[in-house]
2 protein chains.
Amino acid sequence: MADAARDDAALPLPAAIAAALEEDIVFGRLHPRERLIEEELAERFRATRHTVRQALAELERMRLIERIPHRGALVKAYSPEEVRQLYALREMLETQAAALIPLPLAGDALAPLHALQQQHAAAVAEGDTRAVFRADLAFHRALYAHCGNLFLAETIEELGQRAQVIRYANLRSQASMEWARDEHAAMLGALRAGDRAALLALCVAHFRPAREAYLGQHPTLLA
Amino acid sequence: MADAARDDAALPLPAAIAAALEEDIVFGRLHPRERLIEEELAERFRATRHTVRQALAELERMRLIERIPHRGALVKAYSPEEVRQLYALREMLETQAAALIPLPLAGDALAPLHALQQQHAAAVAEGDTRAVFRADLAFHRALYAHCGNLFLAETIEELGQRAQVIRYANLRSQASMEWARDEHAAMLGALRAGDRAALLALCVAHFRPAREAYLGQHPTLLA
DNA sequence: GTCAACGGCATTGTCGACAATCCCGTCGCC
DNA sequence: GGCGACGGGATTGTCGACAATGCCGTTGAC
């Protein structure tokens, strides 16, 4: 079990608890199938059980946990086949979205993306994995927001959330974080240059490795 | 405001309330922007406010309503531009899914679909719009379940739910219900014959009209 | 006459306590 | 010795009451 609540004060309490648990799941401090007990969490976060309950509902909405009536909440586990299907859909959507981004991207549209990329790079440099995680999410959201279709962008984000355990398993290796950083930079270059083919290739190449690594590491996870 | 709770007993109470409200929204008994007041609903469904709250959370998850903290729940409204984007994504996903269904579909895979189509046809014959609505949902879910990608099927269903107000605005016209029925039959034919081109054409043609009708009818709905 | 501050009312959000459910070890019967 | 019924303990679900919030009409000052 992980350490106590991080002070993400300022955001509503249930959201803060959900965020903390989300990180616990992403960073493997809570493993698939592990049970989440409301009262324990309430104590850990010094909140009422009611508040914890709301946080669990939020995590269920994000599909990071599964709740079985009268039985409680489990960290969700994906079978290799599910991972393959999830990634197939993500690839299809992200490819489509990348194809829809107007190119070249105007300078004032590029600036915020660039700022996010810098944030990500800084977090990588400091080895602050939590910040890397958040910055990476923000970068990808901002990137696909430019596809011009609100629903497509939302769907991509939701599926990305579901895949978090897989996507961010590599946050333990400095090398792969640096890889991601450099690919982000390359994407910005393609956006600026208006090089559609390069952008598409980068988007696909960007998330394939995580899938492979996960499937290699959990070869026969039954579920 | 609509009439009292329908006896969808047997399913958990919050789900039953959510289903009833869902139908109210789909059939236009609750219009976009209309406010949902917890206590009124509690009285109407003879449930506690707590139960109603859960139902609202469920409807929010389905994106049929919007909840603003301390201000309550509103039936969600879509601007014409949002409708266009939503439909663009739906078209893309349903086309892809239809392209992935293995053809021709084996007989024992066809049978359940056929049964659902019959249910739909029966409901159309009786003019039971509620049943038509439910049967149509079931038919499409079963159809796209055959695409072989769980997540794609789920995503299609979720986006379909979000589009319900648009999709089912035509349930007030007997003619369009009969149209839908005939198209379902044609889809089954294409599945059986293994005619991919026909299947794709049907899937696209099947939901375009609802979009046009909605956009025509709500020409400048601000939002 | 206009505008800002106040206060009452409708509504939503949270709490603590209690009820319902399920898992699992124990007992008794065959 | 195996197996089903029973029951205790842990855990989740629900309730009624109370607190917090925001809207809106009213008031009063300038």
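All heavy atoms count here, side chains included; hydrogens, waters and symmetry mates do not. Throughout, protein chains are lettered first and strands after them, A, B, ... in sequence-line order, and every chain is numbered starting at 1.
- For the pair L41(B) CG and dT11(C) C1', the interatomic distance rounds to 12 Å; values are reported in whole Å.
- Under a 4.0 Å N-O distance rule, the pair D136(A)/R141(A) does not qualify as a salt bridge.
- In this structure, the side chains of I166(B) and Y87(B) come closer than 4.5 Å at one or more pairs of heavy atoms.
- Rounded to whole Å, atom C1' of dT12(D) lies 10 Å from atom CD of E39(A).
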Identify the pairs formed between an N or O of the protein and an N or O of nucleotides 21-24 of chain C at a distance under 3.5 Å, and give each distance.
unit_1, atom_1, unit_2, atom_2, d
dC23(C), OP1, R71(A), NE, 2.8
dC23(C), OP1, R71(A), NH1, 2.8

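- The shortest distance between side-chain heavy atoms of E23(B) and R130(B) falls below 4.5 Å.
- The side chain to side chain contact (heavy atoms under 4.5 Å, CB included) with L30(A) is formed by just one residue from the set L74(A), V75(A), V165(A), L64(A); it is V75(A).
- Separating the CD atom of E38(A) from the P atom of dT14(D) is a distance of 11 Å, rounded to the nearest angstrom.
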request  = Could you go through the side chain to side chain donor-acceptor pair (under 3.5 Å) check for R211(A) and Y214(A) one step at a time?
outcome  = CA-CA 5 Å; R211(A) 189 192 88 135; Y214(A) 186 89; over 6 Å; no
Which donor-acceptor pairs under 3.5 Å do side chains of residues 14-22 of chain B form with protein atoms, sequence neighbours excluded?
unit_1, atom_1, unit_2, atom_2, d
E22(B), OE1, R134(B), NH1, 3.4
E22(B), OE1, R134(B), NH2, 3.3
E22(B), OE2, Q164(B), NE2, 3.0

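- The distance between atom CG of L13(B) and atom C1' of dA19(C), rounded to the nearest whole Å, is 16 Å.
- The pair E38(A)-R49(A) meets the salt-bridge criterion, since a charged nitrogen lies less than 4.0 angstrom from a carboxylate oxygen.
- Annotation: F139(A) is not in aromatic contact with H120(A) [ring centroid separation under 6.0 Å not met].
- Between E66(B) atom CD and dT12(C) atom P there is a gap of 15 Å when expressed in whole angstrom units.
- Of the residues in residues 47-57 of chain A, those with a non-hydrogen atom less than 4.0 angstrom from any atom of DNA chain C are T48(A), H50(A), T51(A), Q54(A).
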